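Everything quoted here is computed from the prediction, not taken from an experiment.
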Amino acid sequence: MDEKYFPEQVEKKWQQRWRESRAFEASNDDPRPKFYALEMLPYPSGFLHMGHVRNYAIGDALAWYKRLQGFNVMHPIGWDSFGQPAEQAAIKRGVNPRDWTEENIAHMRGQMQRLGISYDWSREIAAHRPDYYKWDQWFFLKMYERGLAYKKMSPVNWCPNEGTVLSNEQSSGGVCWRCGATVEKRDLEQWFLRITDYAEQLVEDMKQIEESWPEKVLKRQRDWVGRSEGAFIDFAVKDSKDKIRVFTTRIDTIYGATAIVLSAEHPLLEKLLETSALRDDVNRFAEKIRNKNASRGRAADQEEEKQGINTGVLAVNPFSGETIPVWVANYVLMEYGTGAVMSVPAHDERDYEFAQKYSLPIRRVIERVSHEQESIAHDPSSEDQSLAMQHAFTDYGIVVDSGEWSGKLSTVAMQEMAAQAKAQGFGEAAVTYRIRDWGVSRQRFWGAPVPIVYCENCGTVPVPYDQLPVVLPETAAFTGTGESPLAGVADFVNTTCPKCDGPARRDTDTMDTFVDSSWYFFRYCDPRNDSAPFDPEIARHWTPVDQYIGGDSHAVMHLIYTRFWTKVMRDLGLVSFDEPVKRLLTQGMVTNRVEGTDEWKAMSKSLGNGVDPDDMIVAFGADAARLFVLFAAPVENELRWSETGVEGSARFIRKVYRLVYALSDTLKRHASQQEPERKDFTTAALSLRRHTHKTIARVTNYFAGLGLNTTVAAEMELSNALIDWIEGRVKQFTAEPGLEAEPGFQELVNDVRTMLVHQQLAAMMDWYVAKELGKPSELRTLEFKSIAAEFFAVREALEALVIMLAPFAPHVAEEMWQHLGHEGGLLKSASWPQANAELARNEELEIPIQVNGKLRSRLLAAPEVTEEELRTAALNDEKIRAFIEGHEVVKVIVVPQRLVNVVVK
RNA sequence: GCCGGAGUGGCGAAAUUGGUAUACGCACCAGACUCAAAAUCUGGCGAGGUCAAACUCAUGUCGGUUCGAGUCCGACCUCCGGCACCA
């Protein structure tokens, strides 16, 4: 151990030792309880950014903590290495996507190792390697067998300028993200996974995780699934056998329906119009709306004015028998429900707006449940009138003017009406979902090929399992024309049919990269298995994931896909639970000031406010950078970057390092090896131990809730307390008369806090011990046992501090641990310190005394003090007497061990 | 518009969940050391008030509950996220 702290030396040294000793490789057979700590696997863009550093620092702190607590910790990492950037690099610069990806992985792996994250590198995986994506294909085939993977025509986003397909994200707002051209819809045959089959479970199973996943993530998933309870109702078309099925969540308002409104894409529309005189006008209108819908997609960010047209067709309300007109309008979406709605202007805002514009009747059939206040001085009819004029009344209430249901509560009517619809065969209670099946086909090269073959004779044929993987060719022509580059690789496309051996063509699309990340953390359990995606027995040992950590940008996509995938795996018999992740933490963003402004924004190249982790490692060390990231803000908050903040963390590390350096030799010489008996501890030693054990309890408690910032703060407090304590002891030692003359000691006393005189501090302690013990026993101020006990307390504090620092600054913690006398052992085999409640207990309590709730005095009391004693002491307190003099004491509130409040009049 | 979350010093934030508000750190000011700077150390640091105290006021605003409210209840204001014609 150097006198001075050089992070680059310390960090290199321990990184090497960890690597050589395979310190963080987790065994599947370890008998200790397991803990699976997981961070979201990165896309290998080439460079780690601060968001990654934060993510991994959090995960690593937890992994270290659990390891020190005696858990068998698995902390793996891998690469989400399929995806568009590699292909873009190929198109733009002609590099091979595989080479580009491998180089990026190599560089980022180096960065992670320089950060000293305690990953189990033996379990590293990468999605682009055939031994991984083979299992993507395997899962695809399993789903195909079960009808969970199917092919259908579907519109995709198409940029006419670049001649390429875009994802929904890349065509946000209806324009191409690169060239700004208006995106068109094109119909393509695409593969879908039937996530809608699991819609109900995706909502229902949230109950299993609602305590341990962030509410905002659950909420977004709930919104995304969009579960909605209501009813289907069939309206018969007048003079026809056709029926129009609508979905409504407010069947109780059905007597207020004054029209049926269809979406422009409604399949029945054409047939209905056959007999209509308005046919041409309606068709022209519907065509216009369809075109508009197609070109803008669903991403339109502005609500359009409602437009509609009467078809001239009439429909019959099955409840009232009333005949109402059928309209077509732009505000009804084909994608949701049945693409047709009953329009109830009195009780739906959209219908109200529509009815106003086209002068449709507005009929009120729900009244507010009356409150006493409402009956005052208002003419009810005029109030109704004004209400109806301005708004739809969308609350539940009492059904009126609705035949036999009049006078019933909405909630009651809804149930009874749905039951009647069912009994009479014109409808039923129903649940609809907003979520739609997951389109996984991508017309791209850099992904897992879809393992399907098309044969002229046999049609669509799945590739047999024993022919997996369908290997991606070495390279292809990256023209960027929009068709999958695989289509141009003749060797790949042309194959023979597995069934009939005749000529066949392969599917040339690849799978969405979210497929890779839907199950990757199961692969970590058994990463080299070549006969299954993983051994269910081994996975049973490790999964579900105990703690998952990542950004909330994946709140919907990845985290809903992986929940879906887990349920499919459960149904395949691979796992035995519903939810893959027990606890989820979504960390906040890392932001930095945008130069020349007061704005804090996420670090990015384009804003020029990025900070390179490597620069921080060089300047301050990985330990200081990691410590800062965890200390500066609660993990779920935004983290504002501050270089002076990192300096502060480095300062703290240096302080502790010097303390260990200054004291370790002395501790080796003088500290008792065994824990001394209680009577041998001086009062001073006990007060230090109290601080140590209180801190252990606090830190352990904070860690349980992932309050990492307060954990670090508590550790800083302990180090401050230890320094204060040493200063106090040195001053006391040297206060003996005559010592002023001893050479160097006056400077020592003055300088003890500067920590510039370590050797002198150690020498002084040695000298002092010798001097004390050299005295005749009656003149000694301290006995040998007490000295040994006092140094024991110091060592206890330092060791606890070093162990508790390991999750935040592991390299320097290892260095200090070794220097504290644990040569040859690694910190990972140390044990997390145990808080001793007896030792943590205060000798004396400081009890605040209030008069009428305002703090007026304090008094010191023993922890055993009774309520009565506290009350008496408070009333006799000099300051308190001044306050209560001349007033009547009404009441004295005593909170045991806590506080006294004197209430006066 | 709807649904969430949050408002505490100059800044990031603490507060054992109703009991001493502002821990810990950053920035800043003064001092020590230094030829000087850096580093390090010491002291100060919510506002008002005072030589110093005492004391008064402060957790977005206004009310309420309570002996006691940053914390609980009601109304409002502001900011940040998500969704957005979902029937």
Side-chain angles (χ1 to χ4, degrees), chain A residues 214-220 222-224 226-228 230 246-251 253 261 263 298 300-306 329-333 335-344 347-351 353-354 432-435 552 555-556 600 628 631-634 636-649 651-652 654-655 658 694 697-698 701-702 707 709-720 723 750-756 846-858 879 882 890-895 897-904:
Chain A
E215 177 51 36
K216 66 176 171 183
V217 172
L218 295 177
K219 182 196 174 289
R220 284 181 62 185
R222 229 176 264 125
D223 288 351
W224 186 262
R227 184 182 194 278
S228 176
V246 303
F247 177 72
T248 177
T249 55
R250 290 300 301 274
I251 189 173
T253 66
V261 187
S263 81
R298 290 191 78 232
D301 50 9
Q302 272 189 354
E303 195 174 308
E304 302 222 355
E305 197 191 343
K306 291 181 176 45
N330 62 345
Y331 76 97
V332 178
L333 309 174
E335 301 88 45
Y336 185 77
T338 62
V341 302
M342 61 179 203
S343 177
V344 185
H347 303 293
D348 181 280
E349 290 290 355
R350 297 152 301 182
D351 295 339
E353 191 187 329
F354 190 68
T432 62
Y433 302 90
R434 202 181 76 114
I435 192 170
D552 67 4
V556 173
W600 292 83
F628 166 73
F631 171 61
E636 65 276 6
N637 283 22
E638 173 191 345
L639 170 68
R640 295 188 165 189
W641 190 256
S642 154
E643 198 148 311
T644 54
V646 187
E647 271 176 55
S649 292
R651 196 147 46 223
F652 168 61
R654 254 191 323 264
K655 204 150 84 172
R658 285 187 192 144
K694 269 188 173 167
R698 280 175 70 194
N701 194 27
Y702 288 143
N709 57 326
T710 44
T711 302
V712 176
E715 292 172 14
M716 287 173 167
E717 281 183 70
L718 179 59
S719 83
N720 290 343
I723 291 168
N750 293 337
D751 275 359
V752 61
R753 291 188 74 100
T754 71
M755 296 293 156
L756 290 171
E846 195 188 50
I847 307 283
I849 311 174
Q850 303 176 333
V851 176
N852 287 347
K854 285 195 173 160
L855 178 70
R856 296 302 183 188
S857 184
R858 303 157 210 266
K879 285 189 196 150
V890 182
K891 194 182 326 183
V892 180
I893 313 264
V894 181
V895 184
Q897 311 211 337
R898 253 281 148 68
L899 143 157
V900 181
N901 188 13
V902 182
V903 185
V904 300

### Task
Hunt down the Watson-Crick or G-U wobble partner of B:rA27, both distances under 3.5 Å, from any strand shown, or write none.
none
### Summary
Any strand, both distances under 3.5 Å, Watson-Crick or G-U wobble: B:rC83 pairs with B:rG1
### Message
Please report the distance separating the P of B:rU8 from the corresponding atom of B:rG70, rounded so that it comes out in whole Å.
### Response
15 Å
### Message
Once you apply a heavy-atom cut-off of 4.0 Å, does A:E846 come out as touching a base, just sugar-phosphate, or nothing?
### Response
base
### Query
Looking for any heavy atom pair under 4.0 Å, which part of the strands does A:V341 touch: base, sugar-phosphate only, or nothing?
base
### Message
For a quick check of understanding: with a heavy-atom distance under 4.0 Å over all strands, which category does A:D351 fall into, base, sugar-phosphate or nothing?
### Response
nothing
### Message
Between A:N709 and A:Y702, do the side chains contain a donor N or O and an acceptor N or O under 3.5 Å apart?
### Response
no
### Query
What does A:G648 touch in the nucleic acid at a heavy-atom separation under 4.0 angstrom: a base, only the sugar-phosphate, or nothing?
sugar-phosphate
### Task
Please state the P separation for the pair B:rA15 and B:rC24 - nearest whole angstrom.
14 Å
### Task
For A:N701, answer base if it contacts any base atom (sugar-phosphate contacts may also be present), sugar-phosphate if it contacts only those atoms, and nothing otherwise; contact means non-hydrogen atoms under 4.0 Å.
nothing
### Query
Do A:N901 side-chain atoms and A:V895 backbone N/O form a donor-acceptor pair below 3.5 Å?
no
#### Entry: Interatomic distance where CD1 belongs to A:I251 and C1' belongs to B:rA87 [whole Å]
13 Å
### Query
Taking atom C1' in both B:rG31 and B:rA23, what distance in whole Å separates the two?
26 Å
### Query
How far does the C1' atom of B:rG68 sit from the matching atom of B:rG81, given to the nearest Å?
36 Å
### Query
What is the nucleic acid contact for A:R654, judged by heavy atoms within less than 4.0 Å: base, sugar-phosphate only, or nothing?
sugar-phosphate
### Task
Tell me what A:V902 touches on the nucleic acid: a base, only sugar-phosphate, or nothing, going by heavy atoms under 4.0 Å.
nothing
### Query
Does the side chain of A:K306 get closer than 4.0 angstrom to OP1 or OP2 of B:rA87 through an N or O atom?
no
### Message
To check you understand the geometry: which heavy-atom pair defines the closest contact between A:S228 and A:T249, and what is its length?
### Response
OG-CG2, 3.3 Å
### Summary
Under a 3.5 Å limit on both distances, the Watson-Crick or wobble mate of B:rA53 is none
### Message
Taking the P atom in each of B:rG10 and B:rG64, what is the distance between them to the nearest angstrom?
### Response
28 Å
### Query
Base, sugar-phosphate, or nothing for A:K891, non-hydrogen atoms under 4.0 angstrom?
sugar-phosphate
### Query
So what does A:R651 hit on the nucleic acid, given a heavy-atom distance under 4.0 Å: a base, only sugar-phosphate, or nothing?
sugar-phosphate
### Task
Could you tell me whether a side-chain N or O of A:D348 sits under 3.5 Å from a main-chain N or O of A:S343, the two making a donor and an acceptor?
no
### Query
Which is true for A:D223 with a 4.0 Å heavy-atom rule: it touches a base, it touches only sugar-phosphate, or it touches nothing?
nothing
### Query
So which one's nearest nucleotide on RNA chain B is more toward 5', A:W224 or A:E717?
A:E717
### Task
Let me know, please, whether A:R856 or A:A632 comes out on the 5' side of the other along RNA chain B by nearest nucleotide.
A:A632
### Whether A:W641 and A:F628 hold their rings parallel, tilted or perpendicular, with breakpoints at 30° and 60°
perpendicular
### Query
Can you find a donor-acceptor N/O pair under 3.5 angstrom joining the side chain of A:R898 to the base of B:rU16?
yes
### Query
For atom P, what is the distance between B:rC85 and B:rC2, given to the nearest Å?
15 Å
### Query
Is B:rU71 syn or is it anti, if syn means the base angle is within 90 degrees of 0?
anti
### Nearest heavy-atom neighbours spanning A:T253 and A:M342
OG1-CE, 3.7 Å
#### Entry: Lys/Arg N to Asp/Glu carboxylate O, A:R222 vs A:E215, below 4.0 Å
yes
### Message
Suppose you measure atom C1' in B:rA14 against the same atom in B:rG25; what distance do you get, rounded to whole Å?
### Response
11 Å
### Atom P, compared across B:rA37 and B:rG46: separation rounded to whole Å
28 Å
#### Entry: Nucleotide forming a Watson-Crick or wobble pair with B:rU40, both distances under 3.5 Å
B:rA32
### Task
Would you classify B:rG9 as syn or anti? Syn applies when the glycosidic angle is within 90° of 0.
syn
